[in-house]
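Beneath this line is the structure, given in structure tokens, with notes to follow.
Only heavy atoms go into these numbers, but all of them, side chains included; no hydrogens, no water, no symmetry mates.
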Amino acid sequence: MYVSELGITPKYFEYDMMGIIYHSHYLEWFEAGRLKLIQDLGLSYFEMEKSGYISPVQEMKVEYKRGIRYGEEVLLRTWIKQNGGVKTEYAYEVFNGEGTLCVVGTSVHYVVRREDFKPVQFKKVFPEWYSAFEKASKS
């Protein structure tokens with residue numbers, strides 16, 4: 001299975017009054033990781049959008065194990081957990097600079113037509129994506 005890695009230096013405004021990353025920023029990081037994974041596989045989300053399709057979130061799950069404290073570096077790992085013909089589930093792990101697992105999560109995305117948000121069969125509309133995702137989820 002291919003795992004994409006993204007180093008993140010948290011910004012001061014991402015911390016809360018307790019000196020840990022505010023919970024909503026992990027969702028932003030997950031999206032950055034998903035886009036990096038897509039790019040690593042030689043694909044372009046921008047090109048998908050230009051062709052009239054988008055891939056909105058259907059479900060998001062986050063489990064907080066430990067807060068990331070002010071000054072800690074972050075490593076985000078992203079991979080394809082499940083590649084279906086219609087939906088894709090991505091998985092995420094967030095580690096602090098010491099290598100401690102701090103957050104785990106998943107997101108489920110469908111591909112829809114931008115004009116009417118009608119779901120399409122990912123496997124049929126973007127066969128090259130589907131093939132790359134299949135390979136990345138198995139290797």
inquiry  = Would you say Ser137 and Asn83 are linked by a side-chain donor-acceptor pair, where the criterion is simply a distance under 3.5 Å?
reply    = no

inquiry  = Any salt bridge linking Glu63 with Lys65? Criterion: basic side-chain nitrogen under 4.0 Å from a carboxylate oxygen.
reply    = yes

note = Heavy atoms of Leu41 and Ala132 approach each other most closely as CD1-O, 4.4 Å

In a table with atom names and distances, give each donor-acceptor pair under 3.5 Å that connects a side chain of residues 54-62 to protein atoms at least two apart or in another chain.
unit_1, atom_1, unit_2, atom_2, d
Ser55, OG, Tyr110, O, 3.2

remark   = Rounded to the nearest 0.5 Å, the CD1 atom of Ile8 sits from the CG atom of Leu76 at a distance of 5.0 Å

inquiry  = List the residues meeting side chain to side chain contact (heavy atoms under 4.5 Å, CB included) with Val120, not counting sequence neighbours, and say none if there are none.
reply    = Tyr53, Val111, Arg113, Val125

message = Membership question, hydrophobic clusters at under 4.5 Å side-chain separation (ILVMFWY): are Tyr2 and Leu43 in the same one?
response = yes

task = Hey, could you give me the CE/CD1 distance between Met48 and Ile38, rounded to the nearest 0.5 Å?
result = 6.5 Å

ask   = Do Leu35 and Gln39 touch side chain to side chain, with heavy atoms closer than 4.5 Å?
value = no

Considering only distance and modelled atom types, tabulate donor-acceptor pairs under 3.5 Å from the side chains of residues 19-30, sequence neighbours left out.
unit_1, atom_1, unit_2, atom_2, d
His25, ND1, Glu28, OE1, 3.0
Trp29, NE1, Glu14, OE2, 3.1

ask   = Is Leu6 reachable from Phe95 through a run of I, L, V, M, F, W or Y residues, each pair having side-chain heavy atoms under 4.5 Å apart?
value = no

request  = Grab the two heavy atoms, one from Tyr15 and one from Gly71, that are nearest each other, plus how far apart they are.
outcome  = OH-N, 3.5 Å

query = Which atoms form the tightest heavy-atom contact between Phe122 and Trp129, and what is the distance?
reply = CZ-CB, 3.6 Å

key: Stepwise side-chain hydrogen bond (donor to acceptor under 3.5 Å, both in side chains) check, Thr9 with Glu73   = CA-CA 5 Å; Thr9 301; Glu73 291 294 312; 2.8 Å; yes

message = Could you measure the distance from the CZ atom of Arg77 to the CG atom of Leu101? Nearest 0.5 Å is fine.
response = 9.5 Å

ask   = Does the pair Lys123 and Glu134 meet the rule for a salt bridge (charged side-chain N to carboxylate O under 4.0 Å, His left out), with working shown?
value = CA-CA 10 Å; Lys123 169 181 201 175; Glu134 267 304 287; over 6 Å; no

query = Which value, rounded to the nearest 0.5 Å, describes the distance between Lys50 atom NZ and Ser44 atom OG?
reply = 7.5 Å

Contact check, side chains of Ile80 and Thr88, non-hydrogen atoms, under 4.5 Å = yes

inquiry  = Nearest 0.5 angstrom please: Lys87 NZ to Gln82 CD, how far?
reply    = 6.0 Å

ask   = Would a hydrophobic clustering, with Ile, Leu, Val, Met, Phe, Trp and Tyr connected at side-chain separations under 4.5 Å, put Tyr12 with Ile68?
value = yes

key: Salt-bridge present (Arg66, Glu72; N to O < 4.0 Å)   = yes

query = Can you find a heavy atom in the side chain of His109 that is under 4.5 Å from one in the side chain of Tyr90?
reply = yes

task = For residues Val74 and Pro10, report the shortest heavy-atom separation together with the two atoms involved.
result = CG2-CG, 3.7 Å

Close side-chain approach of Lys124 and Tyr130, heavy atoms under 4.5 Å = no

task = Decide yes or no for Tyr92 and Thr78: does some side-chain heavy atom of the first lie under 4.5 Å from some side-chain heavy atom of the second?
result = yes

